[in-house]
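Written out below as structure tokens is the structure these notes cover.
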Amino acid sequence: MFFSRTLIPTLKENPAEAEAVSHRLLLRAGLIRKLASGIYNYLPLGLRTLRKVEAIVREEMNRAGAQEVLLPAVQPAELWQETGRWQIYGKELLRFKDRHQRDCCFGPTHEEVITDLVRREVHSYRQLPLNLYQIQVKFRDEIRPRFGLIRGREFIMKDAYSFHADEADAEACYQAMYEAYNAIFRRCGLTFKVVEADSGPIGGSFSHEFMVLADTGEDLLASCTACAYAANLEKAEAPAPAVSGDAPPPGPPQEVATPGVRSVEEVAAFLQVQPQEIVKTLIYETEAGPAAVLIRGDHEVNEVKVRNLLGATDLILAGPEQVRELTGAQVGFAGPLGLAIPLYADQAVAALPRMVTGANRDGHHLTGVNLARDVNPVRVADLRVVTERDPCPRCGRALTILRGIEVGHIFKLGLKYSQSLKATYLDAEGREQFIFMGCYGIGVSRIVAAAIEQGHDADGIIWPAALAPAPVVLIPISLTDAPTREAAGKLHDDLEAAGLEVLLDDRDERPGVKFKDADLLGIPWRLVVGPKTLEKGQVELRHRRTRETVFVPVGDASRFVREKLSQELYG
Ligand code: ATP
Ligand code: MG
């Protein structure tokens, strides 16, 4: 590969629009270019890395027994209406009409299409199990596309869907995918953590996310410092607090005037109590009507847990007018006493012997409230976000909160889609049964960015060997010196003959410019050919990550690089 004949538009300056390191370096190294918000062109070297990720994914999926297919990007609305997702998917679903005014969408995911295929083609238990995957372009009209390839609108996903005669077989496949995913991300050279993820109404431990650890990650995860427990913060369990032995406060709650005092901190300071004795009453609107959620003042509500407990698809905090209508007071003074809507309390609230709540009257709070004694039936559950102050729910040791980029997600679907789309098979006794399903996604283009978030320094990208656009960049110090030029040409051909991709920087540029670009591009090995070293029959090899430099005989260069690379790739 010749630099002068390849489109590699490197940039000296940092592009102003890029916040994340990976976005900045993908642009600066000339790997991608933006066409529109969240929509990118892959240039030759960017595409090479993308193809390497794809190849690893393909190999491991095939090894795990999955079969590759390619499904259409454009999907008819009818299928989405059958599952009900045409209504509930929201604005992320890019919808349009064809020339016959038929509603269509650009696929953000393919459960509908694949289940439709399988319901038409699979009829007998003899055709199961089946695990079908594709590597394909998805479109999601994300509300906030950002960080370049990390959250695009158009992106490349590997999505797999498995079909089974029974639940046990679906679970075995889930386990096989769990292992395949570990192999994929290991081979991609990523440092990652597998976390328990929210599985919505299905529940149980049948959803895991694969998180690349990075400070720019949009996901938060709770990870135990001692045992193997790790979970997405959305899912991480808060321990049930010991119920206090303290007697409830004597007498009924007292109403106190707290004029203009609204936030937890203000109320705590005004009433001279600890924030954990103050209870926030959050009013939500759901499709089934309003509900109130009680959370301790020093805790944050976990809306995923609330949504799951309520079985709600829509969950939004009520606005000031709705709050006034339901509580008779402004936001900041709501409380559970006398509130005629379903009440839910976090378990830490239920454990409080006494608490301060809003009085449902402007400028007033109640002190000395006891939930069991004073408040209408309340459903108690774990409804809050865990913090680093909480112990691990498994072993009781310390938790730490980390940031991660979700690169993969495996999910047990159960009968959700087979029931709504009527995908059935006949069992050995000739009875019609619904097919059990699982789905397994990988953010192929997101991996390219995640690898850069983990591998970079002030000079540019540091690719893991498996993902580099090429493992070697070859830099002749001078193009006018005939022996140098010839040696470089021969090395280029030798390396390629040995099966190593090599980028020969044959541009008419100063060596300093080439070195800078080689560092920016993050190519693992830099091979420099110059008159001085050639006189000694040597070439210079420098490793991008360690910056270690060695001199090797010209004839040994390709063997040396091959050996080093296979050490890096296969350990
Ligand atoms: P996120 O929470 O990041 O939006 P998701 O839960 O919507 O992800 P899935 O529907 O499980 O994602 O999709 C499978 C994989 O596709 C994700 O694990 C992620 O790696 C990738 N992915 C999802 N959305 C995007 C996006 N907008 N840009 C790039 N990759 C994405
Ligand atoms: Mg999403």
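As the structure lists them, so they are numbered: ligands from 1, and atoms in each ligand from 1.
Contact check on Glu154 versus Arg140 returns no salt bridge, with no Lys/Arg side-chain nitrogen under 4.0 Å from an Asp/Glu carboxylate oxygen. Salt-bridge annotation for Glu68 and Arg58: present, with a side-chain N of the basic residue lying under 4.0 Å from a carboxylate O of the acidic one. Salt bridge present: Glu237 and Arg394 bring a charged side-chain N and a carboxylate O closer than 4.0 Å.
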Could you tell me, for ligand 1, which of its N or O atoms are under 3.5 Å from any protein N or O, listing the pairs and their distances rounded to 0.1 Å?
unit_1   : atom_1 : unit_2 : atom_2 : d
ligand 1 : 3 (O)  : Arg151 : NH2    : 2.8
ligand 1 : 3 (O)  : Arg446 : NH1    : 3.1
ligand 1 : 3 (O)  : Arg446 : NH2    : 3.1
ligand 1 : 4 (O)  : Arg151 : NH1    : 2.9
ligand 1 : 4 (O)  : Arg151 : NH2    : 3.3
ligand 1 : 7 (O)  : Arg140 : NH1    : 2.9
ligand 1 : 10 (O) : Arg140 : NH1    : 3.1
ligand 1 : 10 (O) : Arg140 : NH2    : 2.9
ligand 1 : 11 (O) : His409 : ND1    : 3.1
ligand 1 : 18 (O) : Glu406 : OE2    : 2.6
ligand 1 : 20 (O) : Glu406 : O      : 2.9
ligand 1 : 20 (O) : Val407 : O      : 3.4
ligand 1 : 20 (O) : Gly443 : N      : 3.3
ligand 1 : 27 (N) : Glu142 : OE2    : 2.8
ligand 1 : 27 (N) : Gly152 : O      : 2.8
ligand 1 : 28 (N) : Ile150 : O      : 3.4
ligand 1 : 28 (N) : Gly152 : N      : 3.1
ligand 1 : 30 (N) : Arg446 : NE     : 3.4

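Ring centroids of Phe411 and His409 are separated by less than 6.0 Å, placing the two rings close together. Side-chain rings of Tyr125 and Tyr425 stay apart, their centers remaining 6.0 Å or farther from each other.
Judged by the 6.0 Å and 45° rule, Arg545 forms no cation-pi pair with Trp463.
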